[in-house]
Amino acid sequence: MWDRLAASDPGLLRLTAGLRTVTAIALALAVLAALRVPVPQLVAGAMAAMVATFAVREKQPRPQAVTLAVGLPVALASVSLGALLNQRVIVGDLFFVALIFSAVYGRRFGDRGTALGLIGFQVYFLSLFVRATTSGLLPLYGVICVAFASSAVARFVLLPQTAAGTLDRLRRAFRARLAQLLAVQAELLDAGPDEVEKVLEELRTRTARLHETALLIQGRLEDGTSDPAVARLLQRRVADAEIAAERLGLLLLTARSAERTDTLTLHLPGAPVPSGGELPVRDQATAALRRDLEALRVLMLRPAGEARGTALAQVRNRLLGYREEENLPEGSPAVQDVFRGLGEAARAALGLRLALDGPQDESDDTPATARSREELDAEDTAIEISEENEPEAAEPTGLKRPTTRAAVQVAVGSSLAIVGGELLSSQRWYWAVLTCWIVFINTASTGEILVKGYRRLVGTVLGVVAGIVLAGLVGHHTWTAFALVLVFIFAMFYTAPLSYTLMSFFVTAMLGLLYTLLNTYSMSVLMLRVAETALGAACGVFAAAVVLPVHTDRRTNDLLVAVLDRLADVTRGAVDQLSGGAGGDLVEQARELDQALADLRAATQPLTHPITPMRSRRNTARYVVALLETCAYHGRSLAATAELLPTHPAIAADPRLRGACGRIVHNIEAIATHVGDPRAAVEIESGPSIASMLEPGTLRTPRYGRVTDRVLRHLQRLDEAVSGLARPLGVTGGPARPGR
C-alpha cells in the first residue's frame with residue numbers, strides 16, 4: 001500500500017501540501033478557540049493560515065522562513081488597507097487593481113516575489129470576505145499573527161520537509177512506478193486479442209508516469225544533493241533505468257507482432273497494436289519471460305536492507321547474464337531480444353541501486369555480474385562536472401516580458417470584473433475579481449486561460465450543488481462545519497495538480513460552509529457566486545484575447561521551435577561523441593529536451609481538450625506531440641549510449657556516424673525554421689535509409705555486442721519520425737544533397 005501511495009503521489013508532494021495546510025489551519029483554530037474569539041475571526045484565521053502555508057514555495061527551509069517572516073508585515077499592511085478602503089469604492093477599487101498588477105508583476109522576482117504577491121492579494125481579499133473594519137483591526141492583527149505562527153509550526157516543526165527528504169521520496173516513487181510499469185509489461189505478454197488494446201493504453205500511461213517522475217527528480221537534484229557529482233550520477237542512473245524500461249516495452253510489443261514495432265505506438269493514444277496483437281507462442285521461453293519480468297519487478301521494489309540473500313543474488317545474476325549471448329534461452333529472435341532487454345534493464349536496476357543505496361555485497365557475483373559492476377564503476381569514475389557556462393539568452397524587456405504582459409492583462413481583466421461584479425452585487429463583487437486573477441495563474445496563452453476558466457466554472461457549479469446540500473445538513477453546528485472545511489481544504493490541495501475542476505469544486509463547497517458559519521448563507525448567495533465566477537472567467541479571457549494577446553498558436557509554435565532546437569543539440573552532440581568527438585554534457589542536454597517537451601505538452605492542452613471544436617486540429621496536435629515524444633526517446637537513448645563510450649569495453653567510436661547524422665539534423669533545423677517563419681524557403685531532405693549510408697559489413701557484428709547496430713536503429717527511427725513531423729507541419733520534401 002505504501003508503494004502504491006508513493007507511486008500515485010511522487011515525493012508525497014500533494015499529501016504533504018494538504019496535510020501541512022490542514023495542520024496549520026487546525027492549529028490556528030485551536031489557539032483562536034482557546035482565546036474565545038468570535039466566528040468571523042475564526043474564519044479569518046483559517047483563511048490566513050491557508051494563505052501563509054500554500055503561498056511559500058521555496059524548496060529549502062531557510063528561504064521559506066525568510067519569505068514567511070517578510071510575508072507577515074505584507075499581510076498586516078494588506079488587511080489594514082482593505083479595512084481602510086472597504087467603504088471608499090473608487091479609491092478602494094483603484095488600489096485593488098494596482099495590488100493585482102503588482103502581485104502578478106512580482107512573479108519576475110522568483111518564488112519569493114510570487115509568494116508575497118499571493119499573500120498581499122489573498123489577505124486583501126480576506127478583508128473583503130470578512131468585512132473588516134478599522135475598529136476591528138487590532139483583533140484581526142492578532143488573528144493573522146496566530147495564523148502565520150501556526151503555519152510556521154506546521155512547516156518547520158510538525159511536518160518538516162527538506163529538499164533531500166523530498167528527493168529521497170521521489171526516488172522511492174520512481175522505483176515504485178518502474179515496478180508498476182514492469183507489471184503492466186508482464187500483462188502485455190499474456191493479454192488476449194480482446195484485452196491487448198486496454199493493456200497497451202495502460203502501458204502508455206505507466207510509461208508517461210515514469211517519465212513524469214524522472215523529470216521531478218531531475219528538478220530536485222540540485223537542491224537535494226550536496227555534491228554536484230552525486231547529482232549527476234543520480235541523473236544518469238535514473239535516465240538509464242527509464243530508457244531501459246521503455247526499450248523493454250517496445251521489445252515486448254515486437255515479440256507479440258510479426259514485424260518490429262514502431263516507437264510511435266508507445267506515445268500516440270489510440271495507436272493500434274502492431275499486427276493485430278497476436279498471442280505469443282506459449283513455450284518455455286515465454287514462460288521464462290514471465291518469471292523474469294516478475295523477478296525484475298521484485299528486485300526493483302526491494303529496499304537495500306531486504307535485497308540480500310542467495311536467492312535474490314541468483315535472480316539478479318541470471319538477469320544480468322542475459323547480456324551475454326551464450327546465456328540467452330532458445331527462442332525466436334524477437335523473444336531473444338526481450339531477454340537481452342531484460343539484461344539491460346537489470347543492469348540499469350543495478351546501477352540505480354548502487355547510486356541510491358551505496359555498495360552491495362559482491363560475494364555471490366557471477367562473472368557477468370562482476371563485469372556489469374566494473375562497467376558501472378568505470379562510468380561513475382568518469383563522471384565529471386562540466387565547467388563550461390552556457391551563455392544566457394537575453395530576456396525580453398518591457399511589455400514583451402511575460403510577467404509584465406500578464407500583469408497588464410490581469411489588471412485590465414480585473415477592472416472589467418470589478419465593474420461587472422459591482423453591477424451584479426455591491427457586496428460580493430470580489431468573487432469575479434478572484435476568478436479573473438486565478439485563471440491567469442500558471443497560464444501563458446489565451447487558450448490556456450479559456451480552458452482554465454471553463455474548468456473553474458464547471459467546478460463552481462458542481463460545488464454550489466454540494467454547498468446547498470451541506471449547508472442544509474450542517475446548519476449552525478460550528479465545529480462540524482469547520483471539520484468539513486478542513487476535509488475540503490485537504491482535498492483541494494491533494495487534487496489541485498490532478499484536476500482544476502475538482503479543486504474548484506472543493507473550494508466552492510468549502511465556501512458554502514464558511515458562508516453558513518458567517519450567517520450569510522442563502523441560495524441566492526451561491527447562485528451569485530456562479531454568476532460572478534462566469535463573469536470573472538469571461539473578463540479574463542477577454543483581456544487575454546484583446547490586451548497584448550499571446551495566442552495559443554504562437555505560444556505552441558515558440559515551444560515547438562524550442563523542442564526542435566534541443567532535439568538537434570542532443571542528436572548532434574550524441575552522434576559527435578559516438579564518432580570520436582566531444583559531445584558536451586549530453587545528460588543535461590537530454591534533460592533540457594525533456595523539459596521543453598513537457599512545456600509544449602502542457603501548452604497544447606487547449607488544442608487537445610475534449611471541448612475543442614476543431615477535431616482535425618486536435619488530432620494533429622496529438623500526433624505531433626506523440627512524434628516529438630518518439631524523437632525525444634531516441635535522442636535520450638543516443639545520449640545515454642554516447643555517455644558509455646569512454647568506459648564501455650564493447651563500444652568503439654565510429655566516425656561514419658557523423659555523416660549519417662547530417663540529414664537528420666538538417667531536417668530538424670529546417671522544420672524549426674519553417675515553424676518559426678512559415679514563409680521561409682526550406683525543404684527537408686530525403687534519401688536512402690541511414691543503415692545503407694554506411695559501408696557494407698557494419699551490421700555483421702552481434703546486435704548487442706557493439707554499439708553501431710543499436711545507434712543505427714535509433715538514428716533510423718529518429719530519421720523516420722522527423723520526416724513524419726514534416727508532413728503535418730507543412731514542410732515540403734526534396735532530394736538528398738550531394739555528399740549526404
Side-chain angles (χ1 to χ4, degrees), residues 55 57 74 93-122 124-125 392-421 430 432-456 500 535-563 565 595-596 598-607 609 621 675-678:
R57 298 294 180 88
V74 171
D93 290 351
L94 290 175
F95 174 78
F96 202 12
V97 172
L99 177 63
I100 290 170
F101 176 89
S102 302
V104 176
Y105 186 78
R107 296 180 195 172
R108 65 170 294 193
F109 301 108
D111 289 337
R112 183 162 298 154
T114 302
L116 296 179
L118 276 171
I119 290 172
F121 172 83
Q122 295 287 357
Y124 191 90
F125 173 83
E392 295 185 3
E395 292 188 2
T397 58
L399 293 177
K400 293 183 179 180
R401 191 191 301 272
T403 49
T404 306
R405 183 194 303 113
V408 173
Q409 289 176 328
V410 74
V412 173
S414 297
S415 300
L416 296 174
I418 289 174
V419 174
Y430 44 79
V433 182
L434 180 67
T435 299
C436 183
W437 153 276
I438 287 178
V439 297
F440 275 93
I441 295 178
N442 295 327
T443 54
S445 69
T446 306
E448 291 178 67
I449 292 171
L450 177 61
V451 170
K452 193 171 185 179
Y454 158 78
R455 289 171 174 169
R456 184 168 181 84
Y500 188 71
L535 174 66
C539 290
V541 172
F542 177 80
V546 175
V547 181
L548 305 174
V550 177
H551 298 298
T552 303
D553 286 350
R554 174 183 162 189
R555 173 160 170 77
T556 53
N557 284 348
D558 290 344
L559 292 174
L560 177 55
V561 170
V563 173
D565 288 343
Q595 189 56 60
D599 293 341
L600 175 64
R601 193 183 303 111
T604 57
Q605 285 185 0
L607 302 177
H609 195 274
V675 173
D677 181 9

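One-based numbering along the sequence shown.
- Contact record, Ile119 with Ala55: CG1-CB, 3.8 Å, taken as the closest heavy-atom pair.
- The two atoms that bring Lys452 and Val439 nearest to each other are CD-O, 3.7 Å, heavy atoms only.
- In this structure Asp558 satisfies the side-chain hydrogen bond (donor to acceptor under 3.5 Å, both in side chains) test with no other residue, sequence neighbours excluded.
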Steps toward side-chain contact (heavy atoms from CB on, under 4.5 Å) verdict (Val410, Phe101) | CA-CA 7 Å; Val410 74; Phe101 176 89; 5.8 Å; no
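- Taking CG of Asp599 as the reference point, atom OG1 of Thr556 lies at 12.5 Å (rounded to 0.5 Å).
- The heavy-atom pair separating Val97 from Ala411 by the smallest distance is CG1-O, 3.8 Å.
- Using a 4.5 Å cut-off on side-chain heavy atoms (C-beta onward), Thr404 and Tyr105 make contact.
- Scanning for ring-ring contact (aromatic ring centres under 6.0 Å, His included) contacts around Tyr430 gives Phe125, with sequence neighbours left out.
- The 12-atom threshold is not exceeded at CZ of Phe542, counting heavy atoms of other residues, nucleotides or ligands nearer than 6.0 Å.
- With sequence neighbours left out, the ring-ring contact (aromatic ring centres under 6.0 Å, His included) criterion links Tyr500 to no other residue.
- Residues Cys436 and Gly413 come closest through the heavy atom pair SG-C, 3.4 Å.
- The shortest distance between side-chain heavy atoms of Ile438 and Arg456 falls below 4.5 Å.
- Atoms OG and CD1, from Ser415 and Ile100 in turn, are 7.5 Å apart once rounded to the nearest 0.5 Å.
- Between Gly453 and Ala537 the shortest heavy-atom distance is CA-CB, 4.0 Å.
- Counting heavy atoms from C-beta on, the side chains of Val546 and Gln409 never come closer than 4.5 Å.
- The distance from the CG atom of Leu600 to the CZ atom of Arg555 is 9.0 Å, given to the nearest 0.5 Å.
- Contact record, Leu559 with Ala603: CD1-CB, 3.4 Å, taken as the closest heavy-atom pair.
- Within the 4.5 Å cutoff, the side chain of Leu118 has heavy atoms near those of the Trp437 side chain.
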